[in-house]
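First up is the structure itself, then whatever we jot down about it.
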Amino acid sequence: MKRLEALRLGVQIGGQEILRELDLRLEAGQMLGVIGPNGAGKSTLLRALAGIQPARGEILLDGHELAALSPRQRARRIAWLAQNGPVHWPLSVARIVALGRLAWHEAEAATRQATRETLRETGLEGLADRNYDQLSGGEKARVLLARALNGKPELLLADEPTAALDLAHQLEVMTLLRNHCQAGRAAIVVLHDLRLAAHYCDRLLLLKQGVALTEGSPRQVISAHWLELAYRIRLREGIDPLDAFRLEWTVMT
Ligand code: ADP
Ligand code: MG
């Protein structure tokens, strides 16, 4: 993928406008953070981009309609990580991560090799043989991300991938997403933590009530003006908004 474009995207559910006239553009190598209050339409936007939610408007991958791709082609190019993944799944971690390669229809040895590498990169080697059902919420979230990354999708759509994680694992997950993008792929990530959004994302899209309030660099979007409009929060006098959301922690190696 070189470029993803969504033009005048709209979603209506039960007579309600959930997403309105939304335009979005993303280049390979970039991470776009989607932020905004609860119920803004962030998950709906990701589902529309994943092709799971019917939507008006156009979604173009390198200029071609996404809707024209076969399900298998789409599954190879785009991975969607749901906000609340499956809780019960009586399979080993290695088996679940291996499922991320299903769309490739490759030899079993190739899947095993790729899965081994992904388990190592995501720091899940130690959990490989564990039953998914017996993991903690945070461990489950990391396994589902590893499954999505294992398919090496050109575009990863991740809905609150850090929600259940302690701070160290939040940083690790964001680093994995950044590495994914630095390898020439792209990611759209829904985040509530504005520190993570400001630190890791190249661009931010701020949604409220189904409308894109603004889109731009973290410096442009994380401003007193926009955060006040979006969240009804006020910044203390004389503070730089980016300073107020600075992330000053890294993971020890
Ligand atoms: P966010 O992820 O930003 O918190 P969502 O995209 O999940 O928001 O939801 C946006 C709005 O759409 C909410 O008001 C939610 O109640 C509504 N909504 C989402 N999915 C449905 C659905 N299937 N039926 C009815 N309303 C829905
Ligand atoms: Mg959501």
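These figures come from a predicted structure and were not determined experimentally. Counting starts at 1 for both ligands and their atoms, in listed order.
Counting only N and O atoms by type, the side chains of Ser43 and Asp159 include a donor and acceptor under 3.5 Å apart. Of the N and O atoms on the side chains of Gln12 and Gln16, not one donor lies less than 3.5 Å from an acceptor on the other residue. Residues His199 and Arg246 bring no donor and acceptor atom of their side chains to less than 3.5 Å of each other.
Of the candidates Thr44, Leu19, Ile35, Thr44 brings a heavy atom nearest to atom 19 (C) of ligand 1.
Screening Leu213, Thr214, Leu22, Thr44 for a side-chain contact (heavy atoms from CB on, under 4.5 Å) with Leu207, the sole residue that qualifies is Leu22.
Checked against a 3.5 angstrom limit, the closest N/O atoms of Lys42 and ligand 1 fall inside it. Of the N or O atoms in Ser43, one or more lie within a sub-3.5 Å distance of an N or O in ligand 1.
One finds an angle of 80° at the Mg ion (ligand 2) between OG on Ser43 and OE1 on Gln83, to the nearest 10 degrees.
Rounding to the nearest 0.5 Å places CZ of Arg3 at 13.5 Å from CG of Leu155. Interatomic distance, CG of Leu144 versus CD of Glu139, reported as 12.0 Å (0.5 Å rounding).
Of the protein's non-hydrogen atoms, the one nearest atom 21 (C) of ligand 1 is Ile13 CD1, 3.7 Å. Summary of contacts: the protein heavy atom closest to atom 17 (C) of ligand 1 is Ile18 CD1, 3.7 Å. The nearest protein atom to atom 4 (O) of ligand 1, hydrogens excluded, is given as Gly39 N, 2.7 Å; this is a heavy-atom distance.
For atom 7 (O) of ligand 1, a protein heavy-atom neighbour is found at a distance under 4.0 Å.
For the pair Arg178 and Asp202, the salt-bridge criterion is not met [side-chain N within less than 4.0 Å of a carboxylate O]. Using a 4.0 Å cut-off between charged nitrogen and carboxylate oxygen, Arg112 and Glu106 do not count as a salt-bridge pair.
Residue Arg47 places a heavy atom under 4.0 Å from ligand 1. Using a non-hydrogen distance threshold of 4.0 Å, Gly41 registers as a contact of ligand 1.
Of the heavy atoms in Gln209, none comes closer than 4.0 Å to ligand 1.
Contact atoms of ligand 1 toward Ala40: 1 (P), 3 (O), 8 (O) (distance under 4.0 Å to a heavy atom of the residue). Distances below 4.0 Å separate heavy atoms of Asn38 from the following atoms of ligand 1: 4 (O).
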task: Apply side-chain hydrogen bond (donor to acceptor under 3.5 Å, both in side chains) to Thr115 and Asn150, showing your working.
output: CA-CA 6 Å; Thr115 301; Asn150 201 19; 3.0 Å; yes

